[in-house]
There are 2 protein chains.
Amino acid sequence: MADTNTRTTFGYRPLYIQVKDSLIRRLIDGAWQPGQLIPSEMELARAMGVSQGTIRKALDVMTAENLLVRRQGRGTYVAEPAESRILFQYFRIVPDSDEASFPDSSILRWSREKANGAERESLALPKGAAVWRIARIRNLGGVPAIAETISLSAARFTGFEALVSIPNNLYRLYSENWRITIARAREKLKAVAASKSDAGALGCAEGTPLLRVVRVAFDLEGNPVELRVSRCLTDQAHYLSELK
Amino acid sequence: MADTNTRTTFGYRPLYIQVKDSLIRRLIDGAWQPGQLIPSEMELARAMGVSQGTIRKALDVMTAENLLVRRQGRGTYVAEPAESRILFQYFRIVPDSDEASFPDSSILRWSREKANGAERESLALPKGAAVWRIARIRNLGGVPAIAETISLSAARFTGFEALVSIPNNLYRLYSENWRITIARAREKLKAVAASKSDAGALGCAEGTPLLRVVRVAFDLEGNPVELRVSRCLTDQAHYLSELK
DNA sequence: CAGTGGTCTAGACCACGCC
DNA sequence: GCGTGGTCTAGACCACTGG
């Protein structure tokens with residue numbers, strides 16, 4: 001590892017970035033599983049032939065990217081798609097009054113379909129590709145609040161038809177069944193009028209203003225994995241965004 | 001600085017945090033102005049009696065919080081509320097097609113008013129306090145797209161009435177005229193139906209779904225400074241949110 | 001070429017969790 | 001008490017900027 005760097009201006013990559021890439025490789029390959037305790041800084045430093053400080057910098061960057069969790073006195077763990085973390089990181093709809101609570105969800109239907117234009121573009125699928133399409137309703141405080149349509153590449157999620165049920169926490173499902181880690185996501189929000197079917201599902205009048213959230217979620221390698229379109233009732237809740 | 005720490009479990013603060021607090025104090029007091037080049041790491045280390053590495057860590061944290069800008073070979077500068085940075089950090093409405101462009105804006109009216117309940121709560125104002133209330137329209141690609149109402153504490157923004165005009169970039173105005181730096185903001189989004197006055201201002205039908213963004217912006221000390229309510233037409237644009 | 005931030009190293013000590 | 005991550009130091013060298 002010590003001499004992978006040519007030291008020319010072109011293509012110079014700091015050592016700690018190379019270390020980071022190498023460690024991310026282990027996550028992608030599944031050598032390190034979510035929740036697992038990874039070797040200590042000293043061990044990694046010895047094994048990779050760099051100083052402890054360089055290892056530390058790589059681990060710090062990965063921690064900032066929510067890939068690892070470090071606990072003083074215990075060690076460094078691979079981040080898990082656990083409820084609490086997902087809630088904080090990926091679920092931005094919160095009731096106006098209280099703090100956030102994880103919404104339950106009921107599946108309306110799911111089926112294998114030919115990908116439409118939006119799905120092909122968002123998920124980088126070839127023409128004629130198939131997707132799994134899931135429709136569900138999420139409740140906030142017991143009241144239907146979000147209608148969601150989730151699309152997944154059928155080629156990537158092989159064996160999806162064998163599922164007996166679809167859990168509430170999909171990112172854990174992706175992780176455990178397909179070893180896919182969601183690393184980041186991009187959301188685009190618009191205000192739209194409720195369609196007839198959305199109105200029926202959410203128990204509101206047709207034409208009610210809904211917050212439409214289109215999310216594309218990416219894996220560790222930067223490939224799009226999931227397209228999720230949510231239509232949200234926002235009379236008692238809002239989408240929270242922190243700008244820092 | 002070396003011995004401000006009691007080394008007891010209670011109230012332990014790392015040195016670099018103390019350094020950071022001390023440097024932030026200079027920003028709050030205005031000793032260091034936006035755009036200014038601050039002393040080099042070595043100078044600061046000597047002046048404060050700590051190692052260069054400790055200074056570096058404090059500066060890195062402040063850079064991550066967008067308070068400083070570091071440029072290799074040149075030095076470390078106090079961050080400016082410049083168009084380009086504001087655009088990236090605080091303006092999340094982008095056209096569906098292109099990349100982001102800074103919107104122009106036209107002031108509809110501004111006046112001093114008695115603060116309403118929402119303003120008192122958001123800005124932590126006492127009962128009976130006064131605010132400056134600004135109404136403006138922002139255009140995206142030449143078309144009216146956003147109707148905004150901005151509220152500022154009259155007690156904090158003294159002399160506001162003396163302004164001959166209100167510029168497009170308000171955060172630069174706050175910085176230059178009142179030495180207030182906006183450090184972070186929280187936005188809450190809902191979908192609402194266009195009111196009669198919004199419809200008139202935006203040239204859409206009454207009842208059109210609008211994206212309503214309520215922003216509270218905070219200064220370096222964490223005090224709320226600005227309440228901004230935006231109603232956005234989202235037929236040709238969207239609100240972009242990155243989840244990492 | 002001098003000065004700045006960026007990287008890398010080596011070693012010491014501290015706070016924390018667990019046994 | 002031991003091992004972990006977290007802090008702090010000191011010093012070397014590298015990459016970038018500007019004169």
Side-chain angles (χ1 to χ4, degrees), chain A residues 1-23 32 35-80, chain B residues 1-23 32 35-80:
Chain A
M1 173 68 69
D3 254 332
T4 353
N5 215 327
T6 56
R7 250 69 185 180
T8 56
T9 298
F10 179 78
Y12 164 70
R13 302 207 95 200
L15 235 194
Y16 75 92
I17 297 286
Q18 299 176 45
V19 169
K20 179 193 152 194
D21 289 344
S22 157
L23 299 185
W32 287 349
Q36 183 182 331
L37 178 67
I38 72 171
S40 73
E41 296 179 351
M42 289 304 287
E43 285 179 79
L44 288 172
R46 242 186 306 107
M48 305 186 73
V50 302
S51 81
Q52 187 193 4
T54 300
I55 295 288
R56 171 179 295 274
K57 185 142 189 180
L59 296 179
D60 283 346
V61 171
M62 293 174 71
T63 300
E65 291 172 353
N66 295 302
L67 299 178
L68 300 176
V69 176
R70 315 193 73 189
R71 274 182 281 213
Q72 185 174 158
R74 312 233 322 245
T76 303
Y77 299 79
V78 181
E80 278 183 287
Chain B
M1 171 70 64
D3 253 332
T4 354
N5 216 326
T6 57
R7 250 66 187 183
T8 57
T9 298
F10 180 78
Y12 165 69
R13 301 208 94 200
L15 235 194
Y16 75 92
I17 297 288
Q18 299 176 44
V19 169
K20 179 193 153 195
D21 289 345
S22 156
L23 299 185
W32 287 348
Q36 183 181 332
L37 177 67
I38 72 171
S40 73
E41 296 179 351
M42 289 304 286
E43 285 180 79
L44 287 172
R46 244 186 306 106
M48 304 185 73
V50 301
S51 82
Q52 187 194 5
T54 300
I55 295 289
R56 169 179 297 275
K57 184 142 189 180
L59 296 180
D60 283 346
V61 172
M62 292 173 72
T63 301
E65 291 172 352
N66 295 302
L67 299 178
L68 300 176
V69 176
R70 315 194 73 188
R71 275 182 278 213
Q72 184 173 159
R74 296 221 263 157
T76 303
Y77 298 80
V78 181
E80 277 184 287

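By convention in this document, chain letters (A, B, ...) are assigned in the order of the sequence lines, proteins followed by strands, and residues within each chain are numbered from 1. Predicted model, so just to flag it, every value in this text is computed and none were measured.
Using a 4.5 Å cut-off on side-chain heavy atoms (C-beta onward), A:P39 and A:W32 make contact. Residues A:T54 and A:Q18 are not in side-chain contact: their nearest non-hydrogen atoms beyond the backbone lie 4.5 Å or more apart. B:R13 has its side chain within reach of B:D21: a pair of non-hydrogen atoms, C-beta onward, lies under 4.5 Å apart. At least one side-chain heavy atom of A:Y77 sits under 4.5 Å from a side-chain heavy atom of A:R74.
Taking 4.0 angstrom as the limit, A:Y16 places a side-chain polar atom (N or O) nearer than this to OP1 or OP2 of C:dT7. The phosphate of C:dT9 has OP1 or OP2 within less than 4.0 Å of a side-chain N or O from A:T54. Residue A:K57 places at least one side-chain N or O under 4.0 Å from the OP1 or OP2 atom of C:dT7.
Distance check, rounded to the nearest 0.5 Å: CZ of A:R46 to OG of A:S51 gives 13.5 Å. A distance of 10.5 Å separates CG of A:L23 from CG of A:L67, quoted to the nearest 0.5 Å. Note that CD1 of B:I17 and OH of B:Y12 are 9.5 Å apart. Values are rounded to the nearest 0.5 Å.
Summarising the geometry, the separation between CG on B:L59 and P on C:dG6 is reported as 9 Å, rounded to the nearest angstrom. A straight line from CZ of B:R46 to C1' of D:dT9 spans 17 Å, rounded to a whole angstrom. Look at CG on A:L37: it is 11 Å from C1' on D:dG3, rounded to the nearest Å. A straight line from CD1 of A:I38 to C1' of D:dT4 spans 12 Å, rounded to a whole angstrom. We find that CZ of A:R13 is positioned 17 Å from P of C:dG6, with the value rounded to whole Å. Summarising the geometry, the separation between CD on A:E41 and P on D:dT7 is reported as 11 Å, rounded to the nearest angstrom. Atom CG of A:L44 is separated from atom C1' of D:dG5 by 12 Å (rounded to the nearest Å). Following rounding to the nearest Å, B:I55 (CD1) and D:dT9 (P) show an atom-to-atom distance of 9 Å.
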Between N or O atoms, less than 3.5 Å apart, protein on one side and nucleotides 10-13 of chain C on the other: list the pairs.
none

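Judged by distance alone, the side chain of B:E41 and the main-chain N or O of B:I55 form no donor-acceptor pair under 3.5 Å.
When each of C:dC8, C:dG5, D:dG6 is scored by its nearest atom to the side-chain atoms of A:L15, the top-ranked nucleotide is C:dC8. Listed candidates were C:dA15, C:dC8, D:dT4. Nearest to the side chain of B:Y12 is C:dA15. Minimum atom distance to the side chain of B:P14 is reached by D:dC8, of the listed C:dC8, C:dT4, D:dC8.
Non-hydrogen atoms lying under 4.0 Å from DNA chain D are contributed by A:R70, A:R71, A:Q72, A:G73, A:R74, A:G75, A:T76, all within residues 64-77 of chain A.
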Listing, residues 58-65 of chain B side-chain donor-acceptor contacts under 3.5 Å, not counting sequence neighbours, or none:
unit_1: B:D60; atom_1: OD1; unit_2: B:R70; atom_2: NH1; d: 2.9
unit_1: B:T63; atom_1: OG1; unit_2: B:L59; atom_2: O; d: 2.8
unit_1: B:E65; atom_1: OE2; unit_2: B:K20; atom_2: NZ; d: 3.2

